[in-house]
Asker: 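Here it is, the structure, as structure tokens.
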Protein chains: 2
Amino acid sequence: MLARVSSTPTFKRLPRAVREQQMLDAAVKVFSRRGFHAASMDEIADDAGISKPMVYAYLGTKEELFVACLHREGTRMMEAIAGAAASDLPADERLWRGLRAFFGFVGAHRDGWAVLYRQARGEQPFAAELATMRGRLVEVVAGMLDHALRAKGREVRATDLEVVAYALVGATESLADWLADHPEADPEKTATRMMNVAWLGADQLLRGITWHPPAG
Amino acid sequence: MLARVSSTPTFKRLPRAVREQQMLDAAVKVFSRRGFHAASMDEIADDAGISKPMVYAYLGTKEELFVACLHREGTRMMEAIAGAAASDLPADERLWRGLRAFFGFVGAHRDGWAVLYRQARGEQPFAAELATMRGRLVEVVAGMLDHALRAKGREVRATDLEVVAYALVGATESLADWLADHPEADPEKTATRMMNVAWLGADQLLRGITWHPPAG
DNA sequence: GAGCATACCTACTCGTGCGTAAGGTTACGC
DNA sequence: GCGTAACCTTACGCACGAGTAGGTATGCTC
């Protein structure tokens with residue numbers, strides 16, 4: 001066996017923790033470019049500058065690897081948002097800061113977002129995990145609306161609140177998607193636009209103004 | 001070879017057009033349950049009550065089959081919406097009818113929606129096609145907003161308009177997704193909720209009321 | 001400087017599922 | 001009633017990619 005001849009400068013041996021991060025970086029990149037199925041473990045290993053068995057040794061099977069990506073990116077995102085939107089602020093201020101943090105994250109981690117949102121969504125095994133994460137977001141938004149409503153002495157059925165929150169989260173994700181496809185776009189400006197759509201509509205609702213279908 | 005013994009009542013031979021529809025029905029069903037990759041041509045053929053080579057003979061490769069599904073479901077949906085929202089109505093009326101038609105469609109074709117939205121989105125080869133369809137929707141919505149604005153003597157930059165439209169479409173898709181997961185929910189009611197989120201916010205914008213970030 | 005653990009490799013196996021070759025059977029025109 | 005074309009089948013080839021077996025090198029500890 002020729003093995004590694006000294007022609008190549010005998011690449012560094014790195015501690016596990018470092019290699020794991022490199023692998024995750026590569027995996028996120030490849031998954032986001034190719035999609036879960038089309039991505040091959042060989043390509044990921046290659047991209048990480050390591051051989052395939054190392055990936056299996058450290059991060060396990062392909063599914064487990066994907067879950068690990070999901071976890072890392074998801075955690076990073078949630079932390080970015082939670083860190084920005086402290087809960088002792090008024091609702092509109094929290095919403096604004098949360099949105100800014102969110103779009104900032106997406107702008108800076110387009111690959112991560114693609115993995116999280118575009119890929120995980122379609123694949124059965126991961127959709128549930130993703131849904132849970134989104135569920136937490138919806139709850140937070142619904143909580144903010146509810147809080148603001150109660151402050152005005154109003155009360156709304158929980159389902160209605162949840163659905164509205166769901167719509168707002170959806171709109172936000174959609175804009176994030178748009179942002180991921182427009183590298184030249186400004187995350188801050190996108191956040192402002194979202195705020196316009198969301199808060200002006202919500203504000204109306206908070207005042208008790210509602211729309212209802214025409215008769216017939 | 002035993003071949004088909006007369007025990008089974010010699011299943012009917014059907015004309016191509018009919019079989020193609022049966023195949024598409026089966027394909028939509030299986031794709032929506034399993035996802036594009038996990039779905040096997042064998043299962044689709046089986047579900048259509050036909051053998052695999054027939055599928056290849058009529059609809060071509062797996063990718064082509066999926067595109068065919070996408071096309072049929074997409075066309076049906078667009079027709080449902082376009083049919084409901086005639087362009088000679090006022091903007092809010094058009095929006096309302098379009099939304100109602102849309103949620104009605106999703107409520108009635110949950111499988112089709114899952115294929116269109118959840119699957120096509122993640123898979124590179126189809127994402128483009130899907131994006132085009134959504135693009136048309138966004139244009140329509142943006143056009144409605146623009147029309148309403150001009151009627152009030154206002155003018156907004158095209159980009160802003162497009163982004164707002166994008167957000168509204170995203171919110172709507174998100175609610176459709178919610179609807180697909182809640183079989184007991186009422187499409188009509190969901191449309192009303194969406195109208196509340198969208199139109200109240202849009203109405204504010206139409207009046208020239210905008211939100212802007214706090215100083216600092 | 002022997003021993004041991006950990007990092008790392010090449011080179012396979014093997015299942016799965018797409019796509020097809022080659023042939024059987026039914027309907028319909030003439 | 002017979003040919004021909006369209007319908008439909010079984011049974012396979014084959015590529016691709018997940019996962020593994022088994023071995024080599026390197027650094028750390030005492």
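Naming: A, B, ... by sequence-line order, numbering from 1 per chain.
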Asker: What is the distance, rounded to the nearest whole Å, between atom CG of A:Leu14 and atom P of C:dA5?
Answerer: 22 Å

Asker: If you only use heavy atoms from C-beta on, which nucleotide in C:dT20, C:dG24, C:dT10 is closest to the side chain of B:Arg13?
Answerer: C:dG24

Asker: If you apply the rule salt bridge (Lys or Arg N to Asp or Glu O under 4.0 Å), what do you find for B:Glu73 with B:Arg76, and how did you get there?
Answerer: CA-CA 5 Å; B:Glu73 299 302 313; B:Arg76 280 183 180 171; 3.7 Å; yes

Asker: What nucleic acid atoms does A:Ala39 come within less than 4.0 Å of, heavy atoms only: base, sugar-phosphate, or nothing?
Answerer: sugar-phosphate

Asker: Name the nucleic acid region contacted by A:Ser40, choosing base, sugar-phosphate or nothing; use a 4.0 angstrom heavy-atom cut-off, strictly under.
Answerer: sugar-phosphate

Asker: Is any side-chain N or O of A:Lys52 under 3.5 Å from a base N or O of D:dG19, one able to act as donor and the other as acceptor?
Answerer: yes

Asker: Nearest-Å distance, CG (A:Asp42) to P (C:dT10)?
Answerer: 12 Å

Asker: Once you round it to whole Å, what is the distance between C1' of D:dG23 and CE of A:Met54?
Answerer: 14 Å

Asker: Nearest-Å distance, CD1 (B:Ile50) to C1' (D:dT10)?
Answerer: 14 Å

Asker: Considering every strand and a 4.0 Å limit on heavy-atom distances, what is the contact class for B:Ala38: base, sugar-phosphate, or nothing?
Answerer: nothing

Asker: Write down the distance between CE (A:Met41) and P (C:dG15), rounded to a whole number of angstrom.
Answerer: 19 Å

Asker: For B:Arg110 and B:Leu179, indicate whether the former's side chain and the latter's backbone hold a donor-acceptor pair under 3.5 Å.
Answerer: yes

Asker: Distance check needed: D:dG19 P versus A:Leu65 CG, whole Å only.
Answerer: 10 Å

Asker: Please state whether the phosphate of C:dA7, meaning OP1 or OP2, lies under 4.0 angstrom from any side-chain nitrogen or oxygen of A:Tyr58.
Answerer: yes

Asker: For A:Tyr56 and for B:Arg16, find the nucleotide of DNA chain D with the closest heavy atom, then tell me which residue's nucleotide is more 5'.
Answerer: B:Arg16

Asker: With B:Glu188 as reference, evaluate B:Arg193, B:Arg97, B:Arg100 under the salt bridge (Lys or Arg N to Asp or Glu O under 4.0 Å) test and give the passing residue.
Answerer: B:Arg100

Asker: State, without any angle test, whether A:Glu129 and A:His71 hold a side-chain donor-acceptor pair at a distance under 3.5 Å.
Answerer: yes

Asker: Ignoring hydrogens, what is the shortest heavy-atom contact between A:Ala84 and A:Ala101? Give both atom names and the distance.
Answerer: CB-CB, 3.6 Å

Asker: Over how many whole Å does the gap from A:Leu59 atom CG to D:dA18 atom P extend?
Answerer: 14 Å

Asker: Measure CD/A:Glu63 against P/D:dG17 and give the value in whole Å, please.
Answerer: 17 Å

Asker: I want to check one thing: is the phosphate of D:dA6, taken as OP1 and OP2, less than 4.0 Å away from some side-chain N or O of B:Arg19?
Answerer: no

